[in-house]
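All chains are named by letter (A, B, ...) in the order of the sequence lines, taking the proteins before the strands, and each is independently numbered beginning at 1.
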Amino acid sequence: MLRRWIQIIATFLSNSYLLFPFTRNIYQGTLKSFCTPGLNCYSCPAATGACPLGALQNFMATLRPGLQTGYQHFGLYVIGTLGLLGSLAGRMPCGWLCPFGFLQELVHKIPSRKFEIPQFLTYVKYPLLALFIFLLPFFVADEFGYGTTWFCKFICPAGTLEAGIPMLFLKPELQALVGLLFYNKLFILGLFLLWMVYSRRPFCRVACPLGAIYSLFNKHSVFKMTRDPDKCTNCKACYNNCPMEVRFYESQNDIDCIRCLKCMNESCKFGAISYEITGFEESRDQGIKGKAVVRGQ
Amino acid sequence: MKIQEKRETPFLLIIFFLFLLLVGINAGEVSTVLETATRICLNCIGIG
Ligand code: SF4
Ligand code: SF4
Ligand code: SF4
């Protein structure tokens with residue numbers, strides 16, 4: 001429940017510029033110098049921060065002409081911010097602060113048959129990160145040496161939902177520019193919205209480059225999840241309730257663990273799941289609902 | 001609170017990324033981010 005409230009507050013704080021219906025424009029204040037921890041499009045009329053993925057792609061797309069003129073901006077400010085967050089908590093921002101992750105959890109509540117996502121698909125996010133955030137924006141350039149923001153342009157469903165659709169209403173003159181690019185992005189958004197109903201957080205697990213960046217830190221961050229093999233009975237309750245379909249009993253600090261703590265607080269009856277902070281473990285003697293821990297079951 | 005083996009990697013990572021962050025700030029990248037984020041991004045909307 002606490003997590004839900006934090007997700008609601010984080011979504012609101014990331015999108016709290018409520019004057020846009022009057023200004024008919026996006027927020028342009030200094031808060032936009034800071035990157036949001038989650039995926040939140042900076043062209044959303046209500047957005048108050050900068051999307052780290054959009055910012056990174058822009059650095060890559062303008063790096064080449066910058067190098068020629070001695071104006072070198074490698075995006076270290078963004079990489080440093082994400083690396084710092086990742087070093088502290090790994091993928092925790094995905095579980096607690098990202099509006100698009102929150103949306104996927106809400107949509108998944110729609111009653112339907114549910115399907116697992118094949119494991120191999122969860123590795124697709126890494127080539128997407130390398131190609132669409134770094135390589136294509138840098139290497140595919142126009143005659144002046146400028147690249148483009150490939151992920152924003154061809155894929156990002158958060159951009160379509162938060163910026164594309166609202167901006168077309170806010171600035172009707174943009175509607176004349178709608179073409180194949182927009183329909184492609186609308187199709188991708190529709191695909192993921194539908195998939196969210198049937199599977200747990202499909203975009204986070206399969207396609208999100210920001211989640212891919214944070215996931216690289218899961219095994220080495222200050223905060224880590226731990227499992228007590230003496231208490232764990234392999235009952236799979238953690239897996240059944242996990243919003244990311246992580247088999248916690250097999251893989252703690254998995255690339256897809258978003259540290260939502262649902263397994264620890266709401267699933268494990270045996271008190272086998274806890275966390276540690278750089279070696280200091282918070283051990284739990286009780287399972288959920290105060291049930292006594294049955295050792296070695 | 002139990003003490004397991006202490007881990008040093010997280011601290012090395014924090015120092016490394018803090019260093020990158022400071023280099024980025026010093027290079028003036030904050031204003032580049034501000035500039036990027038305050039322009040309407042036609043690519044994000046899907047019409048650019
Ligand atoms: S389109 Fe997506 S990646 Fe691009 S800035 Fe918006 S949210 Fe970020
Ligand atoms: S994986 Fe991406 S969309 Fe999912 S919660 Fe993390 S940042 Fe947000
Ligand atoms: S393994 Fe536990 S903490 Fe990690 S995502 Fe699943 S429920 Fe959340």
A.B. asks: For each of B:Ala37, B:Gly48, B:Ser31, B:Gly24, tally heavy-atom pairs with chain A at distances under 4.5 Å, and name the one with the top tally.
C.D. replies: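 Most heavy-atom pairs within the cutoff with chain A belong to B:Ala37.
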A.B. asks: With a cut-off of 3.5 Å and sequence neighbours excluded, list every side-chain donor-acceptor pair involving residues 132-142 of chain A.
C.D. replies:
residue: A:Asp142; atom: OD1; partner: A:Phe144; partner atom: N; Å: 2.9
residue: A:Asp142; atom: OD1; partner: A:Gly145; partner atom: N; Å: 3.1
residue: A:Asp142; atom: OD1; partner: A:Tyr146; partner atom: N; Å: 2.9

A.B. asks: Measure A:Phe217 against the heavy atoms of chain B and call it side chain, backbone, both or neither at under 4.5 Å.
C.D. replies: side chain
A.B. asks: Pick one of side chain, backbone, both or neither for A:Leu82, based on which atoms fall under 4.5 Å of a heavy atom in chain B.
C.D. replies: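 Contact with chain B: none, neither part.
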A.B. asks: Which atoms of A:Thr81 are under 4.5 Å from chain B, going by heavy atoms: the side chain, the backbone, both sets, or neither?
C.D. replies: both
A.B. asks: Does any N or O in the side chain of A:Lys185 come within less than 3.5 Å of the main-chain N or O of B:Gly46, such that one atom is a donor and the other an acceptor?
C.D. replies: no
A.B. asks: Go through it in stages, so that I can follow the logic: the residues are A:Leu76 and B:Leu21, the test is side-chain contact (heavy atoms from CB on, under 4.5 Å), and I'd like the CA-CA distance, side-chain angles, deciding distance and then a yes or no.
C.D. replies: CA-CA 6 Å; A:Leu76 297 182; B:Leu21 179 72; over 6 Å; no
A.B. asks: First locate atom SG of B:Cys44, then atom CD of A:Gln57, and finally report the distance between them rounded to the nearest 0.5 Å.
C.D. replies: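 Result: 8.0 Å between the selected atoms.
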A.B. asks: For atom CD of A:Glu173, is the number of surrounding heavy atoms from other residues, nucleotides or ligands below 6.0 Å larger than 12?
C.D. replies: yes
A.B. asks: State which residue, out of A:Val78, A:Asn58, A:Leu56, fulfils the side-chain contact (heavy atoms from CB on, under 4.5 Å) condition with B:Val33.
C.D. replies: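 Among A:Val78, A:Asn58, A:Leu56, the one that satisfies the side-chain contact (heavy atoms from CB on, under 4.5 Å) with B:Val33 is A:Val78.
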A.B. asks: Return the OH to CZ distance between A:Tyr42 and B:Arg39, rounded to the nearest 0.5 Å.
C.D. replies: 8.0 Å
A.B. asks: Where does A:Phe59 contact chain B at under 4.5 Å (heavy atoms): side chain, backbone, both or neither?
C.D. replies: side chain
A.B. asks: When only pairs under 4.5 Å are counted, which of B:Leu42, B:Ile40, B:Thr9 shares the most heavy-atom pairs with chain A?
C.D. replies: B:Ile40
A.B. asks: Is there a donor-acceptor pair closer than 3.5 Å between any side-chain N or O of B:Thr36 and the backbone N or O of A:Ala55?
C.D. replies: no
A.B. asks: Give, as side chain, backbone, both or neither, the part of A:Asn184 having an atom under 4.5 angstrom from any heavy atom of chain B.
C.D. replies: neither
A.B. asks: How many angstroms lie between atom CD1 of A:Ile165 and atom CD1 of B:Ile45, to the nearest 0.5 angstrom?
C.D. replies: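 Those atoms lie 11.5 Å apart.
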A.B. asks: With a 4.5 angstrom heavy-atom cut-off, which part of B:Phe16 approaches chain A: side chain, backbone, both or neither?
C.D. replies: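 Neither; nothing under 4.5 Å.
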A.B. asks: Which value, rounded to the nearest 0.5 Å, describes the distance between A:Leu84 atom CG and B:Leu20 atom CG?
C.D. replies: 10.0 Å
A.B. asks: Please determine whether side-chain contact (heavy atoms from CB on, under 4.5 Å) holds for the pair B:Thr32 and A:Thr62, giving the CA-CA distance in whole Å, both sets of side-chain angles, and the decisive distance to 0.1 Å.
C.D. replies: CA-CA 11 Å; B:Thr32 314; A:Thr62 53; 5.8 Å; no
A.B. asks: Rounded to the nearest 0.5 Å, how far apart are CG of A:Leu88 and CG of B:Leu13?
C.D. replies: 10.0 Å
A.B. asks: Verify, without hydrogens or angle tests, whether B:Glu29 (side chain) and A:His73 (backbone) share a donor-acceptor contact under 3.5 angstrom.
C.D. replies: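 Side chain of B:Glu29 to backbone of A:His73: no pair is present.
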A.B. asks: Mind checking the CD1-CG spacing from B:Ile47 to A:Leu180? Nearest 0.5 Å is all I need.
C.D. replies: 14.0 Å
A.B. asks: Name all residues meeting the side chain to side chain donor-acceptor pair (under 3.5 Å) criterion together with A:Thr23; count only those two or more places apart in sequence or in a different chain, and write none if there are none.
C.D. replies: A:Tyr17
A.B. asks: Write down the atom of A:Ser87, the atom of B:Ile14, and the distance for their closest heavy-atom approach.
C.D. replies: CB-CG1, 3.7 Å
